[in-house]
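Please read the structure below before turning to the comments.
A, B, ... follow the sequence lines: proteins, then strands. Residue 1 opens every chain. What you are looking at is a predicted structure, and each value in this text was computed from that prediction instead of being measured.
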Protein chains: 2
Amino acid sequence: MVKITDVARHAGVSPSTVSYALSGKRPISEETRQRVEESIRELGYRPHAGARALASSRSNVLALVVPLRTGIHVPVVMQFAVSVVTAARRHDHDVLLLTQEEGEEGLRRVADTALVDALIVMDVQLHDGRLPLLRALDRPSVLIGFPAEPAGLTCIDLDFKAAGELCVEHLAGLGHRVIGLVGSPPEVYVRETGFAQRVVQGFTAAAHRNGIASSVHPCEADPAAARQVAERLLRERPALTGVVVHNEPVLEPLIDAFEALGLRVPGDLSVTAICPDELAARVRVPVTSIAIPAAEVGAGSVELLMKKLGGTPVPQATLLPPRLTVRASTRPRP
Amino acid sequence: MVKITDVARHAGVSPSTVSYALSGKRPISEETRQRVEESIRELGYRPHAGARALASSRSNVLALVVPLRTGIHVPVVMQFAVSVVTAARRHDHDVLLLTQEEGEEGLRRVADTALVDALIVMDVQLHDGRLPLLRALDRPSVLIGFPAEPAGLTCIDLDFKAAGELCVEHLAGLGHRVIGLVGSPPEVYVRETGFAQRVVQGFTAAAHRNGIASSVHPCEADPAAARQVAERLLRERPALTGVVVHNEPVLEPLIDAFEALGLRVPGDLSVTAICPDELAARVRVPVTSIAIPAAEVGAGSVELLMKKLGGTPVPQATLLPPRLTVRASTRPRP
DNA sequence: GAGCGCCGTCGAAGCGCTTCGACGGGGGAA
DNA sequence: TTCCCCCGTCGAAGCGCTTCGACGGCGCTC
């Protein structure tokens, strides 16, 4: 193994000079730097990560905690993960993958052993058990998702409330006056997952603001449930002309169910969804939708962490604005 | 930060004794060990990962390289990743996540800086550019998937050839005499991805062995392509009564297409697939299928690495036997 | 009863890097 | 011309852990 002393000897300087040439933490003359770089290249030198971590008390590794739970759309998690890794690499950091299964103990372990410098935690619940720990940890962290009490934490996510509103505004702008929200499975609300409730809030507020009749229906993630919800919605609101869907797996079955009940999409019924673009686009009737900006959230969380590691203060909440993509499933009220 | 010397002082022993009590590399009296453990608990001691890595030249971290490419079923990748992490933790190791985008340079970096002790590489191509590097690296690696020339490497995967055969045997056992294979998109074969070709080999060999008329059809991953393939298959083989599908996204569209052409599944046509169980089970007609045993492959790759790290020789090839789950889509030939 | 060997523990020497204080020399200010 | 300061570099001291050789003391053998 070639080490820093080898490089130093080869370049005719001291090890500390090599270190400074590499880190830029002290001025080094252009000429010396070039010579050092040349030696590094010739010898194929790579600084030993452990030694570096020990001496500098920086591992240049971030922890990423991913959820395993059902009801979470896996491809979106993967997108997050990939964008986190990519963004981390831009800052010369690597990413350690943790599963939620490891729980608090896992977080504490990687933090306390100095394996990682900072943590990114996905899928934060409203009353997440990990919050006190994250607040107490001596390492910075960023949460993807918003807990009920975000004080002392740094959070980032799509602005789900605004997303709920935007769906309604879109439908309202098309003249729809009676709409429904088909939401996530009941257990998601019971678990008090922030984003599901926020969609409801935005939906309800915007409907009220626009003088629109509306109702909200949680829905299990299977076709039969979708059919039931569709029937119930039509029974309770025969004048229904707009639906917002926040439940990936039932998007297509729900449209099928409405059509089976005699409603054409978008002829009789306009549908918007909050779901990945890839899903919205491949449904039989491509659906007007708001996507989870997974890549942006991932990259954003890394940027926040880097700032925190650098000592720059960051906002407690970062809400990414929803963007609605209009597709074939919405149209003005007949 | 509490360090090993603090523990040593608290327990009234030397630091080396604490180290040995922790690692078990030298005999320590039961009494001393208990005292040390008690001190560790009381002080909340956690060994510093960097210091440990430096002194022992073991980081206890594995690298996992995940693919990003299109045509790869994302949830399966995620399953791999999760099972790798879980298995690694059982051996007191962590997992560093790398994207394929980082390429050879990324592999070399994490290996040469001693950030990781060993590597797991997913989605290996038949003529993968990373093979020479992996062979040359001074750290052990395991490939998920089989390259054309696996000499000097350790590989693990589902036995796709046997999977192709098993599908055919199943259909043959039900009396089917004319069958087709609907395969992956053409580019997958062009790219020379091993597993797709192996399914074809197994399929063809078993069909021949059983005196069955067969043909193979690559298929793009969209419903329109599925329809075309269905039509073509029926035109070329009007007596067709069995189909093997190795292409996740078109499984359902293909069944729809056949039914639209007047063939009932499984009444007129038996269908088997090689795809995740989760997909096979949720199709309108649940499909008899062979799943990618993602969890087994992930856990298996970790076990192989641990053996290699421990100096135990391991087989060059580990082929996991396919398991066929019979569902509603296959039935004896009328 | 003397000697041998083994068990359990200690001390010290690194592992490879960063960082801090120090220092020589050259340029600018007075 | 002298003094000061700053730029660029060096040397040495750790960072916290593992590991190797050494060494007492006990039990056993002969």
What residues, two or more places apart in sequence or in another chain, satisfy side chain to side chain contact (heavy atoms under 4.5 Å, CB included) together with [X]?
X        : value
A/Ala111 : A/Leu137, A/Arg139
B/Ser57  : none
A/Arg58  : A/Ser56, A/Asn60, A/Asp117, A/Leu309
A/Asp138 : none

Contacts of type salt bridge (charged side-chain N to carboxylate O under 4.0 Å, His left out), residue [X], not counting sequence neighbours:
X        : value
B/Asp112 : A/Arg46
B/Glu101 : none
B/Glu278 : none
A/Glu104 : none

Specify the separation, in whole Å, of atom [atom1] of [X] and atom [atom2] of [N].
X        : N      : atom1 : atom2 : result
B/Arg58  : D/dG16 : CZ    : P     : 24 Å
A/Leu22  : C/dT19 : CG    : C1'   : 14 Å
B/Leu115 : C/dC15 : CG    : P     : 20 Å
A/Ile28  : D/dC7  : CD1   : P     : 13 Å
B/Asp117 : D/dT18 : CG    : P     : 14 Å
B/Leu54  : D/dG14 : CG    : C1'   : 12 Å
A/Asn60  : C/dC17 : CG    : P     : 14 Å

Is any NZ, NE, NH1 or NH2 atom of the basic residue among [X] and [Y] found under 4.0 Å from an Asp or Glu carboxylate oxygen of the other?
X        : Y        : value
A/Arg9   : A/Asp6   : yes
B/Glu38  : B/Arg35  : no
B/Glu105 : B/Arg109 : no

Exercise. Scan residues 304-320 of chain B for pairs that pass side chain to side chain donor-acceptor pair (under 3.5 Å), counting only residues two or more places apart or in two chains.
Key: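 Side chain to side chain donor-acceptor pair (under 3.5 Å) check on residues 304-320 of chain B returns B/Thr154-B/Lys308.
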Self-check item: DNA chain D contacts made by residues 29-53 of chain A, counting heavy atoms under 4.0 Å
Solution: A/Ser29, A/Thr32
What's touching nucleotides 11-13 of chain D from the protein side, N or O pairs under 3.5 Å?
| residue | atom | partner | partner atom | Å |
| --- | --- | --- | --- | --- |
| D/dG11 | N7 | A/Ser16 | OG | 3.4 |
| D/dG11 | O6 | A/Ser16 | OG | 3.2 |

Using OP1 and OP2 only, check whether a side-chain N or O of [X] sits under 4.0 Å from [N].
X       : N      : result
A/Lys25 : C/dT18 : no
A/Ser19 : C/dT18 : yes
A/Thr17 : D/dT9  : no

Quiz item: Looking at C/dG8, D/dA22, D/dG16, which one has an atom nearest to any side-chain atom of B/Arg26?
Solution: D/dA22
Quiz prompt | Given DNA chain C, 5'-ward residue of the pair B/Pro27 and A/Val18, judged by closest heavy atom | solution =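 Its nearest nucleotide being more 5', the pick is B/Pro27.
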Quiz prompt | Inter-end axis angle, the helix from C/dG1-D/dC30 to C/dA30-D/dT1, with every axis fitted to five base pairs (rounded, 10 degrees) | solution =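 Here the helix ends are tilted 40° relative to one another.
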